[in-house]
Structures are given as C-alpha cells and as structure tokens.
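Both counts, for ligands and for their atoms, begin at 1 and track the order of listing. Throughout, numbering of the chain's residues begins at 1 and tracks the sequence.
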Amino acid sequence: MEPKLHIGVLALQGAFAAHAQALRDCGAEVRLVRTQEDLNGIQGLVIPGGESTTMSNLLVASGLSEVLKERFQHGFPVFGTCAGMIMLAETILDGRADQISLGALELDVRRNGYGRQNDSFEQDIVVHSFETPFHALFIRAPVIEAVGSDVEVLASWGDRPVLVRSGNALACSFHPELVSDLRIHRIFLSLVENFSVTNPR
Ligand code: GLN
C-alpha cells in the first residue's frame with residue numbers, strides 16, 4: 001500500500017472541517033494546523049474559506065504568516081480556497097488596509113468581487129483535464145482580476161479564471177470541500193506527491 005500523504009489544514013478560522021473530511025476521503029492523513037509546531041511533518045497545506053481579514057489577524061498573531069511565506073517561496077505545496085485564495089494572492093483589492101498576503105500566487109484578487117446580488121451562487125464549470133463539469137459553489141467569492149505570466153488557468157467562469165495554479169500553489173474562488181466531488185482535492189494531492197518525491201520529509 002502507498003504511504004499516506006500528511007496534509008495540514010489551517011484551522012485558525014473558517015471552513016476547515018469540511019476540507020479535512022474531503023482530504024481523508026481521498027486517503028490522506030490530516031492534521032489541523034494552529035501553531036508553527038503543527039507544521040512539522042506535513043507535506044502540504046490547505047487554507048480554507050472563511051473571512052480573510054480575520055484569518056490575516058490570526059496568521060500574524062500565531063507567527064504562522066512569516067513561516068508560511070518562507071515555505072511557499074521554496075515550493076511547499078498549498079491549496080487556497082475562497083478566503084484561502086485571497087490569503088495567497090500577491091495583490092488584494094478591496095481588502096482591509098492592514099490585511100496581509102502570503103504572496104504565493106501572482107494574482108490580483110478582489111474580495112467579495114462577485115457582488116452583493118450574487119452573494120452566493122452555484123455553477124457547473126469546465127475544468128482542464130476533467131471529463132465532466134465540476135459543480136462549483138461560490139460564497140461571497142473573490143474575483144480573480146489578473147494573473148501573472150506563470151499562472152496556469154485550469155478553469156474559468158465567464159471571462160474570469162476561477163481555478164489557477166502556479167508551481168505548487170493551487171487556488172480557487174469557490175468551495176470544492178462542500179461537494180462530494182473530490183477531483184480538485186486530488187489535483188492538489190498530486191502536486192504534494194510530486195513535491196514529496198524530490199523533498200522527502
Ligand atoms: N468574502 C470572504 C473574505 O473576504 C471570503 C468568503 C469565503 O471564503 N467564502 O474573506
């Protein structure tokens with residue numbers, strides 16, 4: 001049997017429990033991450049949806065923000081969803097003035113960019129390499145307004161990217177942990193697997 005991948009889920013705030021379950025359903029060993037020590041031995045990190053301004057405060061207070069920035073610079077695999085994607089974006093538009101970014105992805109992201117009247121909506125999206133559409137739930141979702149040259153767009157809705165990857169950083173503006181379809185979590189686990197081959201724990 002293949003050894004299990006050890007994945008951390010940032011659990012300072014937000015929708016971490018559903019991600020933990022989705023990753024377990026994919027066969028991973030999951031650790032909830034709240035302190036720097038919790039990062040020991042994990043091979044990748046998921047940053048969930050929630051409220052990015054609060055998450056930003058808690059990341060700074062816990063000392064995790066600096067450690068994570070450093071890890072991501074060295075290719076440590078990370079998957080950010082919704083507020084988690086905002087945390088990873090190099091440029092945050094309509095953020096709070098003191099909101100920090102972990103800068104793992106060359107993206108311009110606008111908080112709550114899908115607007116009030118569409119506060120939440122569901123949409124089947126076409127994802128690169130998937131044979132059937134993925135049912136995406138957008139909840140007060142951020143809009144990706146611009147992507148850097150090394151960012152690969154894996155799915156768009158309308159004229160906006162909604163699932164992107166650069167190196168070992170993956171991000172989406174919707175909530176894949178809230179549906180039973182595990183295909184997007186599996187994309188992340190394959191990034192972790194490839195990284196772990198060259199960077200054993
Ligand atoms: N609007 C939230 C924020 O700015 C994100 C919403 C979500 O994660 N569902 O952080």
Side-chain angles (χ1 to χ4, degrees), residues 7-23 30 32-34 44-62 64-65 68-69 72 78-125 127 134-147 151 154-158 160-166 169-185 187-188:
I7 308 295
V9 179
L10 187 70
L12 297 173
Q13 193 268 338
F16 53 85
H19 269 297
Q21 190 54 50
L23 292 161
V30 175
L32 298 183
V33 171
R34 298 193 171 95
L45 182 72
V46 171
I47 306 185
E51 178 47 56
S52 59
T53 52
T54 310
M55 223 182 276
S56 166
N57 288 342
L58 296 171
L59 277 166
V60 173
S62 61
L64 277 165
S65 55
L68 289 177
K69 272 188 207 166
F72 300 153
V78 61
F79 177 25
T81 62
C82 203
M85 177 179 83
I86 298 173
M87 294 310 312
L88 295 178
E90 222 165 70
T91 305
I92 303 169
L93 306 164
D94 290 341
R96 216 179 45 197
D98 64 349
Q99 183 166 0
I100 64 136
S101 151
L102 301 171
L105 275 161
E106 211 185 315
L107 300 178
D108 292 359
V109 158
R110 188 173 299 279
R111 277 185 69 220
N112 302 323
Y114 282 103
R116 274 186 192 195
Q117 83 201 51
N118 283 337
D119 263 353
S120 301
F121 60 98
E122 306 183 18
Q123 188 63 44
D124 280 343
I125 58 168
V127 178
F134 188 91
H135 191 66
L137 307 184
F138 293 81
I139 304 172
R140 289 184 306 118
V143 165
I144 298 175
E145 295 205 344
V147 300
V151 174
L154 302 178
S156 295
W157 180 60
R160 301 294 195 192
V162 291
L163 173 66
V164 293
R165 181 187 81 97
S166 175
L170 180 71
C172 61
S173 43
F174 53 91
H175 282 262
E177 79 286 9
L178 297 181
V179 293
S180 55
D181 189 336
L182 298 171
R183 287 178 292 176
I184 294 180
H185 285 85
I187 296 180
F188 177 59

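The distance from atom CD1 of Ile139 to atom OG of Ser173, rounded to the nearest 0.5 Å, is 11.5 Å. Separation of atoms CZ (Arg140) and SG (Cys82) is listed at 7.5 Å; rounding is to 0.5 Å. Atom CD of residue Glu122 and atom CG of residue Leu178 lie 10.0 Å apart, to the nearest 0.5 angstrom. Distance CG/Leu105 to OG1/Thr91: 11.5 Å, rounded to 0.5 Å.
For atom 5 (C) of ligand 1, the closest heavy atom belonging to the protein is Gly50 O, 3.4 Å. Counting protein heavy atoms only, atom 7 (C) of ligand 1 is closest to Cys82 SG, 2.8 Å. In terms of protein heavy atoms, atom 4 (O) of ligand 1 is closest to Arg111 NE, 2.6 Å. Nearest protein heavy-atom neighbour of atom 10 (O) of ligand 1: Ser52 N, 2.5 Å.
Atom numbering of ligand 1 starts at 1 in the shown order; those under 4.0 Å from a heavy atom of Gly49 are 8 (O).
Using a 4.5 Å heavy-atom threshold, the side chains of Gln21 and Glu177 count as separate.
Between Asn112 and ligand 1, a contact under 3.5 Å exists for at least one N or O pair.
When non-hydrogen atoms are compared, ligand 1 lies under 4.0 Å from neither the backbone nor the side chain of Met55. In Glu51, the parts holding a heavy atom less than 4.0 Å from any atom of ligand 1 are both the side chain and the backbone. Residue contacts with ligand 1, taken as heavy atom pairs separated by less than 4.0 Å, involve Ile86 solely via side-chain atoms from C-beta onward.
Taking a cutoff of 4.0 Å between a charged side-chain nitrogen and a carboxylate oxygen, Asp94 and Arg111 do not qualify as a salt bridge.
Heavy-atom minimum distance, Pro142 versus Met85: CG-CE, 3.5 Å.
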